Asker: 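Mind looking over this structure? Questions follow.
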Amino acid sequence: MGVSIRPLLEGCRHPVSFGDIPGVAAIDANNALYQFLSIIRQADGTPLQDTRGRVTSHLSGLLFRTAHFLENGIMPFYIFDGPPPEFKAKTIAGRRGIREAGEVEWVKALERGDTDAAYRAAMQSTRVDSAILGSGKRLLDALGIPWMEAPSEGEAQSASFVNNGIATYSVSQDYDSLLFGATVLVRNLTVSGKRRIGGRQVTISPERIYLSEFLETLGITREQLIQIGILIGTDFNEGIHGIGPKKALKIVREGRFSDVMAEKAPDTDPEPIMEFFLFPPVAEAYQPEWKPPDPDQIIGILCDEYGFSTERIHPVLERIAGPQKGQSGQMRLDAWN
DNA sequence: CGGCTATA
DNA sequence: TATAGCCGG
């Protein structure tokens, strides 16, 4: 879920459209796959799947979104999560509980004939498993889109790439990369402005957030932003009951972070969490390469293996072949410097 | 989610 | 030309 600092971002969320943000996008891959899996479903919650029952929602999402990225000069670079830190165990267990409850509720809702509830429960049951990760990576390879596995948290790696110039901005629905220090975060980077949330449609548009502006607006440092995160809860600690973003901001501004933690969360040592956000394990040197898409491989995976119709894939192949035309050899990062 | 078709 | 709705796998 990430850290819930949304209410503090008023005035710092700048609307953008696809054409406004050419450059290298360091994308939180697990987050992107999760979004595809949870949203690309039929009305009753059934995901797209092949005849053998293997889920394909994420492949559809990755394919069409990649075409949009390339058409707009956005060079996607997918960053997958590596092994989580030990102190994320509670969060991971909590998510599993929510998923399992979702699976149970999905069946119940279907039995009642409550389609909307079934859809919501199905979304809750979403799990990015190894089959999803594996097929997603294979499709990215076929598309010529670079990806890497981070030593630890993907958001931390994305932030590092943004700050050392390998990427132009970080892409995620979560705000964690701000705590990890990413100077630019783009959220809601989707084509269609409409999304189904629960029963109804909500209009969502892409937005860009600059960390420096955000911190200046609040009049705090990044360390203080991390303190706010720790007070309200991050993926690495539970947070204090009754303290939300507004109260946390007040506490931090008044320099009462340590006192409040000692009083209200004596069992939580904030130090390792602060350290993790400030100095997470990341790979420094990595040179992403964008290669021409391999149409045969794309067709092989999507159509031959997973039963996509060639009629639907063919137009996409033309779209993604376009941006590469006239390029000699591989498209590299240098092209953007 | 995003492509496509029907509809105005 | 814009948009609501349906379908994909």
Side-chain angles (χ1 to χ4, degrees), chain A residues 15-19 21 25 27-74 76 78 106 110 115-116 118-129 131-136 138-140 142-143 145 171-174 186-207 293 295 297-323:
Chain A
V16 287
S17 51
F18 264 67
I21 49 174
I27 302 173
D28 181 350
N30 293 70
N31 182 263
L33 292 178
Y34 183 89
Q35 300 285 336
F36 289 141
L37 290 176
S38 74
I39 292 162
I40 305 180
R41 293 172 182 273
Q42 293 175 197
D44 68 352
T46 310
L48 299 189
Q49 49 197 333
D50 69 5
T51 49
R52 294 167 47 184
R54 296 178 300 186
V55 172
T56 57
S57 298
H58 60 302
L59 301 178
S60 179
L62 275 179
L63 176 77
F64 292 113
R65 190 174 292 178
T66 296
H68 254 278
F69 282 155
L70 296 179
E71 285 172 329
N72 286 278
I74 297 171
Y78 282 87
W106 188 8
L110 285 177
T115 306
D116 286 354
Y119 188 93
R120 286 194 300 272
M123 287 179 82
Q124 294 243 293
S125 77
T126 298
R127 173 165 149 73
V128 179
D129 62 17
I132 299 293
L133 292 167
S135 52
R138 285 181 62 220
L139 180 59
L140 289 174
L143 290 166
I145 300 302
V171 175
S172 178
Q173 290 304 106
D174 294 342
V186 174
R187 300 184 65 251
N188 304 330
L189 193 49
T190 64
V191 177
S192 71
K194 287 186 180 153
R195 187 178 308 180
R196 257 186 320 204
I197 293 178
R200 52 184 171 276
Q201 296 254 334
V202 180
T203 304
I204 296 285
S205 61
E207 61 190 29
Q297 227 184 317
I298 295 167
I299 294 284
I301 294 170
L302 293 178
C303 303
D304 301 344
E305 277 187 55
Y306 290 102
F308 283 66
S309 87
T310 48
E311 291 75 25
R312 265 171 67 81
I313 302 309
H314 193 75
V316 187
L317 294 179
E318 306 220 317
R319 289 168 62 193
I320 60 181

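Since this is a predicted model, take the numbers as computed values, not measurements. Chain identifiers are assigned alphabetically (A, B, ...) following the order of the sequence lines, protein sequences preceding nucleic acid strands; residue numbering begins at 1 within each chain.
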Asker: Which is true for A:T51 with a 4.0 Å heavy-atom rule: it touches a base, it touches only sugar-phosphate, or it touches nothing?
Answerer: nothing

Asker: Measure from the side chain of A:F64, starting at C-beta and using heavy atoms only, and say which of B:dG3, C:dG9, B:dC1 lies closest.
Answerer: B:dG3

Asker: Would a distance-only check, ignoring hydrogens and angles, find a side-chain to backbone donor-acceptor pair under 3.5 Å from A:S57 to A:F36?
Answerer: no

Asker: Determine whether a donor-acceptor pair (one donor, one acceptor, N or O, separation below 3.5 Å) exists between the side chain of A:E305 and the base of C:dG9.
Answerer: no

Asker: First locate atom CE of A:M123, then atom CH2 of A:W106, and finally report the distance between them rounded to the nearest 0.5 Å.
Answerer: 12.0 Å

Asker: Between atom CG in A:L48 and atom C1' in B:dG2, what is the gap in whole Å?
Answerer: 11 Å

Asker: Expressed as a whole number of angstroms, how long is the span from A:Q42:CD to B:dG2:C1'?
Answerer: 16 Å

Asker: Rounded to whole angstrom units, what separation is found between the CD atom of A:Q35 and the C1' atom of B:dG2?
Answerer: 15 Å

Asker: Taking only side-chain N and O atoms of A:H68, does any of them lie within less than 4.0 angstrom of OP1 or OP2 on B:dG3?
Answerer: yes

Asker: For A:R65, answer base if it contacts any base atom (sugar-phosphate contacts may also be present), sugar-phosphate if it contacts only those atoms, and nothing otherwise; contact means non-hydrogen atoms under 4.0 Å.
Answerer: sugar-phosphate

Asker: Would you kindly give the CD-to-P distance between A:E318 and B:dG3, to the nearest whole Å?
Answerer: 15 Å

Asker: Write down the distance between CD (A:E311) and C1' (C:dG8), rounded to a whole number of angstrom.
Answerer: 12 Å

Asker: Please give me the minimum heavy-atom distance between A:R41 and A:P47, naming the atom from each residue.
Answerer: NH1-CD, 3.7 Å

Asker: In a check of side-chain contact (heavy atoms from CB on, under 4.5 Å) between A:Y78 and each of A:D28, A:I145, A:V171, A:L33, which one passes?
Answerer: A:I145

Asker: Choosing from B:dG3, C:dG8, B:dC4, which nucleotide comes nearest the side chain of A:S60?
Answerer: C:dG8

Asker: Tell me: CD of A:E71 to P of B:dG3, nearest whole Å?
Answerer: 8 Å

Asker: Nearest whole Å is fine: how far is C:dG8 P from A:L37 CG?
Answerer: 19 Å

Asker: May I have the distance from A:L59 (atom CG) to C:dC7 (atom P), rounded to whole angstrom?
Answerer: 22 Å

Asker: Counting the atoms with a prime plus P, OP1 and OP2 as sugar-phosphate, which does A:T56 contact under 4.0 Å by heavy atoms, base, sugar-phosphate, or nothing?
Answerer: sugar-phosphate

Asker: Taking all non-hydrogen atoms of both residues, which atom of A:L302 and which atom of A:L59 are closest, and how far apart?
Answerer: CD2-CB, 3.9 Å

Asker: Does OP1 or OP2 of B:dG3 have a side-chain N or O of A:R319 closer than 4.0 Å?
Answerer: yes

Asker: Tell me whether the OP1 or OP2 atom of C:dC7 has a side-chain N or O from A:R312 closer than 4.0 Å.
Answerer: no

